[in-house]
Amino acid sequence: TLDDITLPEGWAWTDGTTVLSALGTSEYTAYFALTDEQIANYNYESLEGFNAAAKCIERAVEVTVTLIQIAFDSCDDAEIPYGSAVTFNGVPMIGETVLTKDNDYTVKVYTVGSDGNIVELLTSTPSSVGKYLVIIDVDNTIYDSANYEIVGGEPETIIGENATTMATTYDCAYIIEITPLILDIVYSPTTVGYTSQPIEARPTVKNGDTILTLDTDYTITYYSVDENGIITDMRSSAPIDMGKYLYVITLIGSYADPV
C-alpha cells in the first residue's frame with residue numbers, strides 16, 4: 001500500500017490504504033497539513049496545491065511499481081577439494097530475506113559425464129570426485145511471474161547440450177567440481193647399517209598442510225626384494241636382517257578412495 005512508502009517529514013498520503021497492484025508509474029496525492037496559525041501568518045494562495053478548504057498543500061507524487069526481484073547469493077561455478085564439506089550456493093533472496101529451502105525453492109544435483117552431459121539425478125549430496133550440475137528452482141506457484149522477477153545465471157563452464165538445456169530451464173544453475181586430493185609423501189630410499197633392530201619407515205604424508213596419521217589415514221607394508229629387484233614376499237613387520245626391502249604406503253580411512 002501507499003503507507004509502506006515513506007514520505008518527507010510532515011507529508012502524508014491522502015489515502016494510504018491504496019493498494020499498489022498495477023505495474024508502471026502512477027500519480028497519487030500526498031498532502032502537508034497546515035495549522036490555523038500558519039494560514040493566518042503566511043500567504044499560501046499563490047502556492048501550487050494550496051487547498052484552503054482542507055487547510056493543506058497537496059501534491060501529485062509519481063510512484064513506480066516494479067516486479068519484486070528474487071536474486072541469488074551466487075550462481076558461480078566452484079571447485080571443492082575431495083573430503084571437504086559440500087555446500088551449495090545459489091540461495092535465493094528477496095532483498096535481505098533468505099527464502100526457505102524445500103518450501104520456497106528446491107536444489108537438484110546431477111552428475112555430469114566426461115562429455116559434459118547429464119548422467120543422473122542424485123538423491124544425496126555428492127562426495128566423489130567429479131563434476132556436478134546444481135539446479136536451483138524457485139517455486140513459481142508462490143513467486144509467480146506476475147509479481148516477481150527472478151534474476152538468475154547459467155553455468156560458466158562449457159557443458160554438453162542436454163546439460164545446457166537443463167540449466168537454461170531453471171532459475172540458477174552452476175557446476176561444482178570435486179577435485180582429487182594431491183597428497184605429498186616425503187620419503188627417500190635409505191641405506192642403513194645393521195642394527196639388530198627393526199628399521200621402520202617414517203614418511204611424512206601430507207594433504208596440503210595436514211599431516212596424515214599412520215594406521216588411521218595410511219598403513220605401511222614391508223616387502224623383501226632380491227638382488228634383481230623382484231619382490232619375494234610380504235613381511236608382517238619392519239625388517240631386521242640385511243637386505244633390500246620395499247615399503248608400500250596404502251591410504252585408508254577417509255582417504256581410502258582412489259583420489
Side-chain angles (χ1 to χ4, degrees), residues 1-78 86-109 133-157 164-176:
T1 65
L2 285 174
D3 280 337
D4 295 320
I5 302 173
T6 302
L7 293 171
E9 185 177 355
W11 287 86
W13 294 108
T14 300
D15 183 5
T17 62
T18 299
V19 177
L20 305 175
S21 57
L23 296 177
T25 301
S26 302
E27 289 189 345
Y28 300 91
T29 304
Y31 68 94
F32 187 98
L34 300 171
T35 65
D36 289 337
E37 182 181 358
Q38 287 174 321
I39 293 174
N41 290 288
Y42 295 93
N43 181 13
Y44 292 98
E45 293 294 339
S46 60
L47 187 63
E48 179 187 353
F50 175 62
N51 186 329
K55 298 181 181 180
C56 67
I57 300 169
E58 295 176 330
R59 286 283 192 274
V61 179
E62 285 190 349
V63 175
T64 300
V65 178
T66 60
L67 292 172
I68 299 173
Q69 280 200 342
I70 299 177
F72 299 88
D73 62 345
S74 171
C75 286
D76 296 336
D77 297 345
V86 176
T87 57
F88 299 116
N89 299 324
V91 177
M93 307 171 68
I94 298 176
E96 296 182 357
T97 301
V98 178
L99 302 189
T100 304
K101 184 176 177 291
D102 297 328
N103 182 44
D104 300 319
Y105 70 97
T106 57
V107 178
K108 295 180 181 179
V109 183
L133 174 65
V134 181
I135 298 290
I136 311 295
D137 186 22
V138 177
D139 188 339
N140 60 13
T141 63
I142 302 174
Y143 302 99
D144 61 280
S145 58
N147 297 305
Y148 296 89
E149 178 185 19
I150 297 174
V151 182
E154 299 176 11
E156 301 165 349
T157 303
T164 300
T165 301
M166 175 73 76
T168 54
T169 303
Y170 291 95
D171 305 314
C172 171
Y174 58 92
I175 293 291
I176 61 170

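Note that the structure is predicted; figures quoted are calculated from it, not measured.
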Looking at [X] and [Y], what are the two nearest heavy atoms and their distance?
X	Y	result
A30	L7	CB-CD1, 3.9 Å
S74	C172	O-SG, 4.1 Å
D73	G90	OD1-N, 2.8 Å
R59	I57	NH1-CG2, 3.5 Å
A173	I135	CB-CD1, 3.7 Å
Y174	C75	CB-O, 3.3 Å

Hey, could you give me the [atom1]/[atom2] distance between [X] and [Y], rounded to the nearest 0.5 Å?
X	Y	atom1	atom2	answer
I150	I70	CD1	CD1	4.5 Å
K108	I136	NZ	CD1	11.0 Å
T106	D104	OG1	CG	10.5 Å
L47	L34	CG	CG	8.5 Å

Legend entry - Contacts of L23 that satisfy side-chain contact (heavy atoms from CB on, under 4.5 Å) - sequence neighbours left out: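 For L23 the side-chain contact (heavy atoms from CB on, under 4.5 Å) partners, ignoring immediate neighbours, are V65, L67.
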Inset, instruction - Ignoring hydrogens and angles, tell me if any N or O in the side chain of T29 forms a donor-acceptor pair with the backbone of T14 under 3.5 Å. - result: no
Inset, instruction - Say whether, by atom type as modelled, one donor and one acceptor occur between the side chain of D77 and the main chain of I175 under 3.5 angstrom. - result: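 Judged by distance alone, yes, a pair lies under 3.5 Å.
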Any heavy-atom pair between the side chains of [Y] and [X] that's under 4.5 Å?
X	Y	result
Y28	L20	yes
T1	T17	no
W13	T18	no
D171	D137	yes
F88	V109	yes
N89	D76	no

Inset, instruction - Output all residues satisfying side chain to side chain donor-acceptor pair (under 3.5 Å) with T141, sequence neighbours left out; order by chain, then residue number. - result: D139
Legend entry - Y143: ring pair (Phe, Tyr, Trp, His ring centres under 6.0 Å) partners, not counting sequence neighbours: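 Y143 satisfies ring pair (Phe, Tyr, Trp, His ring centres under 6.0 Å) with Y148 only.
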Legend entry - Qualifying salt bridge (Lys or Arg N to Asp or Glu O under 4.0 Å) pairs with a residue from residues 3-32, counting only residues at least two apart or across chains: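 Sorted result for residues 3-32: empty, none.
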Legend entry - Sequence neighbours excluded - salt bridge (Lys or Arg N to Asp or Glu O under 4.0 Å) pairs with any residue from residues 35-50: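 For residues 35-50: D36-K55.
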Inset, instruction - For residues 44-73, pull every pair meeting ring pair (Phe, Tyr, Trp, His ring centres under 6.0 Å), keeping only residues two or more places apart or in separate chains. - result: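 Listed by first then second residue: Y44-F50.
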